[in-house]
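Contents: one structure, followed by commentary.
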Amino acid sequence: MMDLSDLSALLGEELKAAGHTDIWVVTGPQPPSGAKQVDASGLLAEARRLADNIGCYVHAVVVDTTAASEAFTFGADRAHVVADPVTYLLGQQPEFVFFTAEHGAAAAEFAQRGSAGLIDQAIGPLGIDPETRALSARRAVYRGDYLLDLAVITPLKVAAVRLDSLAPTMPDDTHTGEIVASGEDEPAVQLWHDLGQASYRPAAQPPLWKANVIVAAGRGLVDEDGFHRAKQLATRLGAEIAGDRSVRGRGWIDEAREIGVTGQEVSPTLYVAAGVLGDTVHNAAIAGARNVVAIHIRADAPIFATADIAVVGEPKQVLAELLDALA
Amino acid sequence: MNIVVLLRAVRDPRSFSVNRKAQKIFINRETFMINPSDRNALEVALRLRGETGRVTAIAAGLDVAEDALRQALAAGADRAILIADHHLQHADGAVVARAFMRLLDHIGSHGGPAELVLLGAEALDADLAQVGPRLAAGLSWPFAGDCLAIEPTDKQDGIQVVVKQAGDFRRLAADLPAVLSVARDSNRPRYATAAGVINAYSGDANLERLDCAALSFTDEDLSPTIEARGHTFPPEREYGRRFDGTAAELAAQLKRMAASQ
């Protein structure tokens, strides 16, 4: 099938005004003072890959010229140094705009003002259909139980992409681009006044079954010193400390922190079992855990049957090395 | 303070199981609940209400959304308004934000405008965390996401919140009206009282049902911006894989897994 636009393309006419079909990557807005800029190199590389597929340019919207020259090495063709990315972009008529997931609220504001569809917390790889020009990505629901396959079908398409879902890339120092100075725009009007640092402590200690990360100690830690290392690891990871039946018998933990059918059943994102042998009642109680990392000296320890990562080694020694690596 | 809370009914995670091998979701029971962080938002509203304030719970959808509103009434909300439309049950963020914007207009012209709009910081089952910032952008109100603590300013003319920014806690203040999203588990939601439950499910509960026509919400307003193309499942778990990298690699992996949701 050939329609009029194909014909005009054959005749060498411009299909659309340049710039209106490009991919724009927003690496800002400026983070609060003292914080480091989000490293959006993976997102720029992803935009480059898509742009090469559909044949268009990659524009980077950055906060300063250093970020601009860095953006070129990751595949941007043009960089726009602006203070208020959302307002600036609305004046540019882009087709695809990628934010990082950290700036999901800015992405939603832009999508709303530009009457666009948005995939928030999008998981790569992203896709652009060359025919319909729909932008597709995935999004995790129910804390990662499964993913929704979504496609944005509005003329302007926006995604706020999770950077941890994109493959890491190496910079290409030979790739260069052009800095489009936007002419010092005004920063966005700040509706919030910063009243300074706040001391915040959760009103109540959440129960163990709600914990996101748990480090569990077992008999394999041998002595109090081994248990102390497990506690240190918990602090480093922002985790709750727990244990199995055997360590409760030794008085290292109390009933509220015992994992097992006689104690608590848990479903954290990460469960580190240090020196836990893993009997049936213990393994049943952690069936809901998303990632289990087990450290035990015995290669045939039952805990390894439920572990995603099996570290066979002396738990005390492994913990000491881990603590060094995390320091 | 006149507070509006957006509620969403989600499928109870305990009522279904995901089989990665069969690439299927098995629904065992048709049970729904209020989206967890929306319950935290409702709790904030009930605490901030004060003597003369009013908490209005709003939701869009059909039976399950209505049930969520009745639970909110039972927990202490003053009134509830449902946009009864089955399209809105599964609508995307842009459409839902548009519908609630229309409803906020309606509330403004029937009993005083909302001064504060609260919602949960995450929607368990859909890409709807964007509704908060979208509403704020549409109304030109300030928005703050993932608020841990919310209280009125000393002179009672604004709102101040505690949010986590780049690893430390900051206190921010803005004028009302504002839209805030409340972090999950930032407070302990109250339980409904027995009398509250009976009243919420009785005939004279203060629950208003509006359809799209009443809000002059047309088919064009309902046209989707996102197309759902099905589900994908994470790879099947492989147990007992022996790790033989260095301690630094293991540490990096632990950090990554601890940070993932």
Side-chain angles (χ1 to χ4, degrees), chain A residues 31-32 35 104-105 108-109 111-113 116-120 134 138-139 141-154 164 191-200 203-204 206 210 213 237-239 269-270 272 291 293 304-312 321-322 324-326, chain B residues 13 18 25 92-94 97 124-127 129-130 133-134 136-138 142-145 148-149 160 162 165-174 185-188 224-234 237-243 247-248 250-251 253-258 260-261:
Chain A
E109 185 198 341
Q112 182 67 22
R113 287 169 65 185
L118 160 70
I119 303 176
D120 190 18
R138 288 171 181 162
R139 190 201 200 281
V141 288
Y142 287 104
R143 313 215 127 190
D145 271 359
Y146 62 95
L147 305 127
L148 302 175
D149 294 341
L150 301 172
V152 191
I153 50 173
T154 45
D164 58 2
L191 298 171
W192 291 93
H193 321 284
D194 196 334
L195 301 181
Q197 204 160 357
S199 59
Y200 172 78
K210 271 194 173 178
V213 187
L237 293 173
T269 310
L270 172 62
V272 183
N291 296 290
V293 176
F304 291 142
T306 58
D308 302 88
I309 297 180
V311 185
V312 180
E321 286 173 27
L322 265 179
D324 280 345
L326 283 168
Chain B
V18 173
I25 301 165
D92 60 67
L124 207 54
D125 67 335
D127 190 5
Q130 53 179 285
R134 273 184 184 273
F143 170 81
L148 295 159
Q160 53 174 317
V162 174
Q165 276 180 356
D168 70 357
F169 298 108
R170 310 291 301 182
R171 189 178 296 278
L172 307 174
D185 291 337
S186 58
N187 55 35
R188 187 174 287 182
T225 63
I226 304 278
E227 189 179 280
R229 293 182 171 173
H231 311 308
T232 314
F233 297 86
R237 271 171 87 172
E238 187 192 333
Y239 292 112
R241 195 154 26 91
R242 181 106 175 235
F243 181 82
L250 185 60
Q253 215 153 359
L254 286 181
K255 264 201 207 153
R256 194 172 47 76
M257 289 194 281
S260 72
Q261 284 280 304

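Note that this is a predicted model, so its numbers are computed, not measured. Chain naming here is simple, since letters A, B, ... match the order of the sequence lines and numbering starts at 1 in each.
Of the residues considered (A:Leu147, A:Leu191, A:Leu150, A:Leu326), A:Leu147 shows the highest number of contacts with chain B, using heavy-atom pairs under 4.5 Å. Interface remark: of the candidates B:Thr232, B:Leu250, B:Thr225, B:Thr232 forms the most heavy-atom pairs closer than 4.5 Å to chain A. Comparing A:Leu118, A:Leu322, A:Thr154 by how many heavy-atom pairs each has under 4.5 Å with chain B, the most go to A:Leu118. In terms of non-hydrogen atom pairs under 4.5 Å with chain B, the most contact-rich of A:His193, A:Arg113, A:Glu109, A:Glu321 is A:His193. When each of A:Val152, A:Val272, A:Asp324 is scored by its heavy-atom pairs under 4.5 Å with chain B, the top score falls to A:Val152. Ranked by heavy-atom pairs shorter than 4.5 Å toward chain B, the options A:Ala325, A:Ala310, A:Ala134 are led by A:Ala310. Among B:Arg134, B:Lys255, B:Gln160, the residue making the largest number of heavy-atom pairs under 4.5 Å with chain A is B:Arg134. The candidate with the highest count of non-hydrogen atom pairs below 4.5 Å against chain A, out of B:Ala228, B:Gly230, B:Ala137, is B:Gly230. Looking only at heavy-atom pairs under 4.5 Å with chain A, the residue among B:Gly93, B:Gly240, B:Gly138 that has the most is B:Gly240. Per-residue counts of heavy-atom pairs under 4.5 Å with chain B were compared for A:Ser199, A:Ala108, A:Gly196, A:Gly238; the largest is that of A:Gly196.
Smallest separation of non-hydrogen atoms from A:Ala105 and B:Pro133: O-CB, 3.7 Å. What you find for B:Phe143 and A:Trp192 is that their closest heavy atoms are O-NE1, 3.0 Å. Contact between B:Ala129 and A:Asp120 at its shortest, heavy atoms only, is CB-OD2, 4.1 Å. B:Ala97 and A:Gln112 make their closest contact through CB-OE1, 4.4 Å (heavy atoms, listed as atom of the first residue, atom of the second, distance).
The ring pair (Phe, Tyr, Trp, His ring centres under 6.0 Å) test applied to A:Tyr142 returns B:Phe16, not counting sequence neighbours. With sequence neighbours left out, B:Tyr239 forms a ring pair (Phe, Tyr, Trp, His ring centres under 6.0 Å) with no residue at all.
Few gaps surround CZ on B:Arg237; more than 12 heavy atoms of other groups in view lie less than 6.0 Å from it.
Looking at B:Asp92, neither its backbone nor its side chain comes within 4.5 Å of chain A, counting heavy atoms on both sides. A:Ala305 touches chain B through its backbone: at least one of N, CA, C or O sits under 4.5 Å from a heavy atom, while the side chain does not. Heavy atoms closer than 4.5 Å to chain A are found nowhere in B:Ala136, neither backbone nor side chain. With a threshold of 4.5 angstrom between heavy atoms, B:Asp127 approaches chain A through its backbone and through its side chain. Residue B:Gln130 touches chain A through both its backbone and its side chain, counting heavy-atom pairs closer than 4.5 Å. Of the two parts of A:Asp194, the backbone and the side chain both hold a non-hydrogen atom closer than 4.5 Å to a non-hydrogen atom of chain B.
Taken from CZ in A:Phe304 to CZ in B:Arg242, the straight-line distance is 7.5 Å, to the nearest 0.5 Å. Once rounded to the nearest 0.5 Å, the distance linking CG of A:Leu148 with NE2 of B:His231 reads 6.5 Å. Rounding to the nearest 0.5 angstrom, the gap separating the CD1 atom in B:Ile226 from the CZ atom in A:Arg139 is 10.5 Å.
Below 30°, between 30° and 60°, or above 60°: for B:Phe233 and A:Tyr146 the angle between ring planes is between 30° and 60°, a tilted geometry.
Between B:Met257 and the choices A:Asp308, A:Val293, A:Val213, the side-chain contact (heavy atoms from CB on, under 4.5 Å) rule is met once, by A:Val293.
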- Determine, stepwise, if the pair A:Ile309 / B:Leu254 fulfils side-chain contact (heavy atoms from CB on, under 4.5 Å). CA-CA 10 Å; A:Ile309 297 180; B:Leu254 286 181; over 6 Å; no
- Message: Could you go through B:Leu172 and A:Leu195, starting from their C-alpha distance and side-chain angles, then the distance that decides it, and tell me whether this counts as side-chain contact (heavy atoms from CB on, under 4.5 Å)?
- Response: CA-CA 5 Å; B:Leu172 307 174; A:Leu195 301 181; over 6 Å; no
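Salt-bridge check for A:Asp164 with B:Arg256: failed, with every basic side-chain N at 4.0 Å or more from each acidic carboxylate O.
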